[in-house]
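Just so we're on the same page: letters track the sequence lines, and every chain starts at 1.
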Amino acid sequence: MKIYLRRQLNLLEFTLSSLLRRKGKNLALLVVFSAIVFMLASALLYSHALRREAAILLKDAPELVIQKMVGGRHDLLPQANLAKLAEVRGITQIHGRLWGYLFDPIAAANYTVMVPQTNPPEPGFAIIGEGISGARGAEPGDQLSFKSHDGGLLTFRVAQVIAYESALATSDLFLVNEDDYRRLYGIAPGLFTDAVAKVRNPREVGKAAEKIAELLPDSRIVLRDEILRTYESVFDWREGLLLVLLTGAVLAFAIFAWEKASGLSAEERREIGILKAVGWETGDILLMKMWEGGVMSLSAFLIGYLLAYLHVFYLGAPLFEPVLKGWATMYPAFRPTPFIDGFQVATLLILTVLPYLAATVVPIWRAAIIDPDQVMR
Amino acid sequence: MIELSEVRKAYNQGKPNEFWALRGIDLRLSLKAVTVFMGPSGSGKTTLLTMIGGLARPTSGRVRLMERDISSLPEKFLTDIRRRTFGFVFQSFNLLKGMTALENVMIPAYPLGLPHEALRKRALEMLDLLGMAAKAESKAEWLSGGEAQRVAIARALINDPDVIIADEPTANLDGQLAEQFLEIMAELKARGKTLLMTSHDPRIRKAAVVDGIVWMQDGQIASSD
Amino acid sequence: MAKRKSVLVLAALGAGFLLFGGSLIDAAWKRDAAMARMEAASKWVERLELTDLVLFTEARYTRNLALADRFSAFQDHPMAFEHFPSGSVALPPRHLTRAP
Amino acid sequence: MLFHPSIIALLLASALSSLALVGSALFAVTLLRHWNLSSGSERQIVLEQRTYLVTTVLKLALIFEAGSLLLFVFNADKMAKLFVGAMCAVGTLNVNPYGFPALILKIAVFFLSAAWLMLHHIDSQGYDYPLIRVKYAALLFLAPVALVSAFVQLTYFLDLKADVLTSCCSTLFGGSTVVTTNNMGFAPEAWSLGGLALVLAATGLVGLWHLKRGRGGLAYALLSLSVLVVALIAIVSAISVYVYEQPHHHCPFCMLKQEYGYVGYALYLPLFLGTATGIGAGLASFAGRWPSLSLASPALSKRFAYVSLLSFLVFAGAAVGLIMKSHLILFEGFA
């Protein structure tokens, strides 16, 4: 066992000497390899962090949301429908929600106007999200005016700015009183944007949804599970596409590695011939070259991963921000929370190290079988 | 005792440029002696040394080393016997460039799994034995021809082999260095080593240290004495 | 002991692994620190009955992915490229990707 | 579903390892026809050189098969959120009929390639490679299994459509009102645990006998295979219940998760290692009949058996520890 380990150490020693003798080439390989790991790792870490964060934030989202559909479009829900729904067995609580979008030409941003069910602001007052406060420079006590549906001006005094911590859920919210809401949009009493229901037994959500669909065939029902599942997979789609795009890079890298491993110069071939002539065996050369690949891919993996960790969780993933931020004027200052597990690391390892090893194994073997007697010919 | 029977070796077998370098060699070589293979170039002397030294397997025929048939061993086992039995000194020395003399000497022992420190000490002893201790940390490409050869000899000795095989050892050396080489050979013979070498060099043929000469011609043995 | 490259490199790789382990520990710390923030946000989600995160505010239909109108531009075809960059992050609705 | 990163990783790993195995199998045909160690012809030398490539590739393939086995289970667990009714990996694997066959085939490929590599290790101790034909004939058997495994896995992923209503652990394993039986037809807890103890004891005795006398290697290999089977049954039917402390939760995968302190690894790693090396002990003692291995193989067989026995001991310790630690009491007067 001791001999085995010392032999490995000796071969590693030789490998390193030989790597150092071709510094430039090997360094280039290491840099490219690390960059690829970095890109893949950043994408994986970032989207996974978003996914988990969404799952935690939305775990208490409404169990059931019911929308009324007219001509395939979302329409206002009348009070009468609510009364009907209340009779569905299993549903313990149901009420209409009032919300909508409001474009603010001054900030050139879209706000989400909402009427809270509990503790709504006084008439004429508004509770605003941190994003609105930032975009308009509005503090508690300041006044904000908007054009209502009929062209009249409605003025709200800021009662409170929602704390920064919950920005990811509340950044663009503009919470108002029900009367103010109806005046702003001209929606008659007895009409709601949609409805939210609670179900007694969580196992019966599906059943209740079926009953609602039967009772009100013109409605669209969104389950909390569906929302969670949507967010679980919302990033999968393009994450996968990104990966497919990066596959090109991985492939190019694999070709580069293959090229480097197979394009042995006459000098390197002679060296391997010498090693074999002085007493190394094909297996020793293979082992030595495997050490080379192992050191290379392990260092590239560690470097790439650690840089990606810094990039995503310390710098806020500036490389991906433009995609997520898009053209939005208001954007929650969002620093992803790290959720990392062995699963992602294993995925990353397979996606990066496997192509490298696969690309180099045949060239390495070709080098290793060089005849030892060629140095004497 | 090294014994060869009916040894043949073909290169590029089955191809248009097929070439038989050895055409049936029967030979017995005694140990603890110096044997020189002589003959025109292309006569198969070097190929014969690679067969004896286990660098390549004969296409047919048998090579026996101390009563053991080594000609049909797989590479793994052949190499294991080879590196404990033979040390090689090549015509062009074949040191690895970019590595120090010391590292070059240590290389054959790496796969044996010796502790690095012990190995280093041993390599330094070998260099010292050949008067090269001062150059231990010099890179191989900075050594002169004679120095390079002595490093190559130190490398051949690191695994303490019984047999030293040298291919045209004096071809790249001038007169004085060739003399020194012969002195080293005499010293090794005195230590009980078996020496096998090929040569064109008349200085070697006439040297007192040589016990036997094998003359070769067209892949066959012409005469031996 | 001479400075052996193999020992140095193994030590460097070991240090890399330590850093890797450190990143996991750091992640756990950051997670604990962020838990309060996430809980606070989650409270608002519960109280206001929110269904979506404020990740994409550039257009109405990207703001509430779960409740988006079905006539929204990017939902016309699963492979259609989105006008808004953030829309390109989201999955097209199931009724378009699933065979009839 | 194919666009999921870990699915891409899994497909990549299985595609590359099947490619490697198919190539090796093609080479095996040539080798079986032409191998002749006593010849020094160029064909023989090329064949010998190729064997180095094949073994290197197979070593890599084994490492990645082992890794992808873990990844496959993890992936199934993560994806459970995407399927209605799937609460953990069992549910995801049941989304379509290819899930469990894919898993079982992956396990089979893992053990087969481990066995092959151990056979190779034994063979390369003999100066004339006495087992080389056996080895490469075995490769002809291993390659199709790996191909089928890759194909079933691909079918499984291609057939995944999120939101299909699936059965989850609780309805698959048990879920009925009777605690001690379930609809997979497993033995009740007492039986399965008793059976496990019995098989482990028998394996231990045969193993010790083998270590002492150098006989019974094949019996030991068979026993370690049966330990794997019985242990998996016991994990599903009894040990899992102790781990989760819920009488209806029989999932064999959830215990690999953080929520349960990764205790699953303490069970599965030694179990798999013990079975693999147990098979190795059998192979090594089988190889003893060739003269060139008559010295090396008994020693190897003992070494394999030693590792295997230690692993099973760790496994048994972990299982007993989990049962003792559990707050759940299944049998009156038992704990």
Between [X] and chain C, which part of the residue has a heavy atom less than 4.5 Å away: side chain, backbone, both or neither?
X      : result
A:L20  : side chain
A:L11  : neither
A:N119 : both
A:S17  : both
A:V345 : side chain
A:A167 : backbone
A:L310 : neither

At a heavy-atom distance under 4.5 Å, which candidate from A:T112, A:D194, A:V115 has the highest pair count against chain C? A:T112
Heaviest contributor of heavy-atom pairs below 4.5 Å to chain C, chosen from A:R224, A:E53, A:Q117, is A:E53
Should C:V45 and A:T170 count as side-chain neighbours, where that means a heavy-atom distance under 4.5 Å? no
Would a distance-only check, ignoring hydrogens and angles, find a side-chain to backbone donor-acceptor pair under 3.5 Å from C:R31 to A:T337? no
Short side-chain to backbone donor-acceptor contact, C:R37 and A:S166, under 3.5 Å: no
Is C:K5 positioned over the aromatic face of A:F14, cation under 6.0 angstrom from the ring centre and no more than 45 degrees off axis? no
Closest approach of [X] to [Y] (non-hydrogen atoms, all atoms of both residues):
X      : Y      : result
C:K30  : A:F313 : NZ-O, 3.4 Å
A:M114 : C:E49  : CE-O, 4.5 Å
C:S23  : A:Y309 : O-OH, 3.2 Å
A:L306 : C:G16  : CD1-O, 4.3 Å
A:L298 : C:F17  : CD2-CE1, 3.7 Å

Could you go step by step and tell me if C:L24 and A:I340 meet the side-chain contact (heavy atoms from CB on, under 4.5 Å) rule? CA-CA 7 Å; C:L24 297 186; A:I340 302 164; 3.7 Å; yes
For C:F20, does the CZ atom have more than 12 heavy-atom neighbours from other residues, nucleotides or ligands under 6.0 Å away? yes
What's the separation between atom CH2 in C:W44 and atom CD1 in A:I127, rounded to the nearest 0.5 Å? 5.5 Å
List the atom pairs, with distances to 0.1 Å, where a side-chain N or O of residues 55-66 of chain A and a protein N or O form a donor-acceptor pair under 3.5 Å, not counting sequence neighbours.
from, atom 1, to, atom 2, distance (Å)
A:K59, NZ, C:S42, OG, 3.3
A:E63, OE1, A:V199, N, 2.9

Using the test ring pair (Phe, Tyr, Trp, His ring centres under 6.0 Å), find all partners of A:F301 that sit at least two apart in sequence or belong to another chain. none
Audit row: A:E13, C:R4, salt bridge (charged side-chain N to carboxylate O under 4.0 Å, His left out) steps and yes/no: CA-CA 7 Å; A:E13 182 76 24; C:R4 290 184 58 189; 3.6 Å; yes
If you count heavy-atom pairs under 4.5 Å between each of C:V9, C:L48, C:L53, C:L19 and chain A, which one has the most? C:L53
